[in-house]
Protein chains: 2
Amino acid sequence: MSRMEPSSAIVRRSLHDELVDRVGRLIVDGRLSPGQKVPEKELCARFGVSRTPLREALKVLAAEGLVTLSPNRGAAVSEVTEADLDEVFPVMGVLEALAGELAAARITEKELARIRNWHAAMLKHFAVRDLAGYFALNEKIHDAIFAAARNETLSAQYRQLAARVRRVRYVAKMSDRLWTKSVGEHEQMVAALEARDGRRLAAVLKRHLATKQRTVRVWLAKQSPSVPR
Amino acid sequence: MSRMEPSSAIVRRSLHDELVDRVGRLIVDGRLSPGQKVPEKELCARFGVSRTPLREALKVLAAEGLVTLSPNRGAAVSEVTEADLDEVFPVMGVLEALAGELAAARITEKELARIRNWHAAMLKHFAVRDLAGYFALNEKIHDAIFAAARNETLSAQYRQLAARVRRVRYVAKMSDRLWTKSVGEHEQMVAALEARDGRRLAAVLKRHLATKQRTVRVWLAKQSPSVPR
DNA sequence: TGACTGAATTTTGAATTCATAATTTCCTAC
DNA sequence: GTAGGAAATTATGAATTCAAAATTCAGTCA
């Protein structure tokens with residue numbers, strides 16, 4: 001008997017697992033905004049499921065910090081304060097540094113080549129100041145570095161923290177100065193990877209993240225006065 | 001009206017939240033052993049709750065890596081393989097290092113004094129080779145360092161990883177040589193804290209964790225042949 | 001008008017129910 | 001006696017139900 005196409009096969013994940021993803025995405029890319037109550041009923045209707053699996057998913061999202069549960073008043077999308085960023089970024093920093101060290105030691109030629117290509121494409125987006133395209137490739141490159149680090153635990157921890165700040169991170173319009181700086185850092189990242197210099201890559205990634213934090217900070221400061229509640 | 005004893009007060013957390021703790025503890029301190037299926041029914045009876053909140057808790061524990069869910073066959077306590085340790089320890093390492101740097105900068109005299117006391121008490125337990133007493137204080141000291149780092153995100157991430165390995169970590173009988181080494185490292189930790197030398201503390205913590213990993217490795221290697229499945 | 005009270009409604013947390021998948025038991029054929 | 005397979009049992013995933021809490025709304029009185 002012939003095996004079914006893996007792509008067409010319905011990999012029957014449990015509903016709650018699927019929902020963690022779907023609802024998480026709604027939050028991360030801003031379709032549910034911070035502070036807003038999670039509309040349980042509406043989401044049940046939208047996804048065609050009952051409250052049970054949805055609520056299971058919300059518990060998981062709460063453990064990951066994307067939603068906040070208050071007793072007898074349900075779930076709300078977590079807000080991202082400046083204090084949160086001050087907590088999260090340093091942790092992301094050391095995780096990225098570790099990823100860099102491991103990746104430099106373990107990355108294959110093939111993976112490196114792919115990153116080089118993405119980097120080149122990213123430069124083109126930068127040239128015409130196409131932020132969305134830039135970010136998409138930027139994220140791919142970072143993911144590839146974590147993949148090359150071959151440490152699923154490390155990647156998972158990072159992903160979790162990244163999700164908490166991404167909605168801020170990827171909305172933050174960069175000033176041209178910071179953007180240029182960021183591109184330069186990416187240049188150095190690729191160079192360090194090619195030299196397989198883990199220490200240097202770690203340092204670059206840390207500096208890069210600091211740049212990002214500054215970008216976000218600027219954005220958040222501009223934003224928060226206009227967000228009353 | 002007089003206030004009730006906090007210990008007797010029923011702080012009405014949601015059931016699932018309470019259960020994440022209780023079941024998590026069962027796993028972490030080995031009352032449910034790795035590989036074993038989580039006895040849903042039995043736990044419901046034991047805690048006097050229905051399956052709904054228990055299953056919510058299991059989803060959260062699965063996200064934290066303490067249990068593993070397989071479609072249509074429920075939850076089982078996750079096993080800890082050597083490969084897991086190779087993933088988890090490096091991450092814990094960088095988190096501890098960061099905690100050390102932050103703690104050195106932020107710790108108060110009072111907190112430092114408390115750590116000094118615990119350290120002294122720990123030495124007494126070491127003198128008579130009282131492993132349980134030693135571990136209890138050891139853990140307190142590490143917790144205190146994270147508390148002094150004033151970064152809840154950092155602490156939470158660390159706690160999560162620590163839970164995954166603790167059942168191995170705190171069962172592992174240390175060889176006398178490694179134990180002595182460990183005590184020496186603790187000595188250096190306190191010294192670095194007193195000097196508020198973050199860099200040095202980070203280095204010591206990293207070395208200390210490496211020692212611990214070696215301890216666990218030895219234990220796991222001895223163990224695994226006798227565990228058939 | 002406007003603050004307060006209390007009933008009606010909605011929302012939440014958790015138990016129960018129900019359909020389906022997995023496992024066990026028991027029977028049959030060899 | 002054992003392998004195979006059907007029926008019974010149990011476990012699992014998810015929907016539904018139910019009680020209690022929160023919220024909304026309406027009416028009363030100052």
Side-chain angles (χ1 to χ4, degrees), chain A residues 1 3-4 9-24 26-27 32-79 228-229, chain B residues 4 9-24 26-27 32-79 228-229:
Chain A
M1 192 230 254
R3 189 177 279 260
M4 216 182 230
I10 295 171
V11 183
R12 188 71 175 118
R13 289 201 292 168
S14 61
L15 287 183
H16 103 271
D17 205 21
E18 183 80 30
L19 286 171
V20 169
D21 256 34
R22 305 285 288 276
V23 179
L26 287 184
I27 293 170
L32 292 172
S33 41
Q36 188 188 342
K37 252 184 35 174
V38 177
E40 235 178 61
K41 227 172 153 186
E42 191 184 312
L43 291 180
C44 286
R46 152 123 60 139
F47 294 122
V49 300
S50 77
R51 283 175 61 221
T52 306
L54 177 66
R55 301 182 92 257
E56 286 170 351
L58 290 177
K59 310 288 191 235
V60 173
L61 291 171
E64 289 177 357
L66 285 181
V67 311
T68 306
L69 302 176
S70 336
N72 289 322
R73 37 183 66 189
V77 178
S78 300
E79 316 229 23
R229 183 83 332 212
Chain B
M4 216 181 230
I10 296 174
V11 182
R12 191 71 175 119
R13 288 199 293 167
S14 62
L15 288 184
H16 104 271
D17 204 21
E18 183 81 30
L19 286 170
V20 168
D21 256 34
R22 304 286 286 276
V23 179
L26 287 183
I27 293 171
L32 291 172
S33 40
Q36 189 187 341
K37 253 183 37 174
V38 177
E40 234 178 60
K41 226 172 153 187
E42 192 183 311
L43 291 180
C44 286
R46 153 125 58 142
F47 294 123
V49 300
S50 76
R51 282 175 61 218
T52 305
L54 178 64
R55 301 182 92 255
E56 287 171 350
L58 289 177
K59 310 287 191 235
V60 173
L61 292 171
E64 289 177 357
L66 285 181
V67 311
T68 306
L69 303 176
S70 334
N72 289 321
R73 39 184 66 192
V77 179
S78 299
E79 316 228 24
R229 180 97 337 206

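Order of the sequence lines sets the chain letters (A, B, ...), proteins ahead of strands, with each chain counted from 1. Being a predicted model, the structure only gives us computed values, none of them experimental.
- Atom CG in A:L43 sits roughly 11 Å away from atom P in C:dT12 (whole-Å rounding).
- In this structure, B:E56 CD and B:D17 CG are separated by 10.5 Å, a value rounded to the nearest 0.5 Å.
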Side chain to side chain contact (heavy atoms under 4.5 Å, CB included) between B:F47 and B:L15, intermediate numbers included:
CA-CA 10 Å; B:F47 294 123; B:L15 288 184; over 6 Å; no
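- Scanning residues 51-64 of chain A for heavy-atom distances under 4.0 Å to DNA chain C yields A:R51, A:R55.
- Counting heavy atoms from C-beta outward, A:L32 and A:P39 have side chains that approach closer than 4.5 Å.
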Which atom pairs link the protein and nucleotides 20-25 of chain C when you take only N or O atoms and keep those under 3.5 Å?
| unit_1 | atom_1 | unit_2 | atom_2 | d |
| --- | --- | --- | --- | --- |
| C:dA21 | O3' | B:N72 | ND2 | 3.4 |
| C:dT23 | OP1 | B:R73 | NH2 | 3.4 |
| C:dT23 | OP2 | B:R73 | NH2 | 3.1 |

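- Between the CD atom of B:E42 and the P atom of D:dT12 there is a distance of 13 Å, rounded to whole Å.
- Atom CD in B:E18 sits about 16 Å away from atom P in C:dG13, given to the nearest Å.
- Listed pair A:K41 / C:dT11 meets the phosphate criterion, a side-chain N or O lying under 4.0 Å from OP1 or OP2.
- Here the rule is salt bridge (charged side-chain N to carboxylate O under 4.0 Å, His left out) with A:E40, and of A:R55, A:R46, A:R73 only A:R55 fits it.
- How far CZ of A:R51 is from CG of A:L58: 10.0 Å, rounded to the nearest 0.5 Å.
- To the nearest 0.5 Å, the span separating OG on B:S33 from CG on B:L26 amounts to 11.5 Å.
- The CG atom of A:L19 sits 11.0 Å away from atom NZ of B:K59, with the distance rounded to the nearest 0.5 Å.
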With side chain to side chain contact (heavy atoms under 4.5 Å, CB included) as the test, would you mind laying out the steps for B:V38 and B:L61 before giving the verdict?
CA-CA 12 Å; B:V38 177; B:L61 292 171; over 6 Å; no
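- Atom-to-atom, CG of B:L19 to P of C:dG13 comes out at 14 Å; the value is rounded to the nearest Å.
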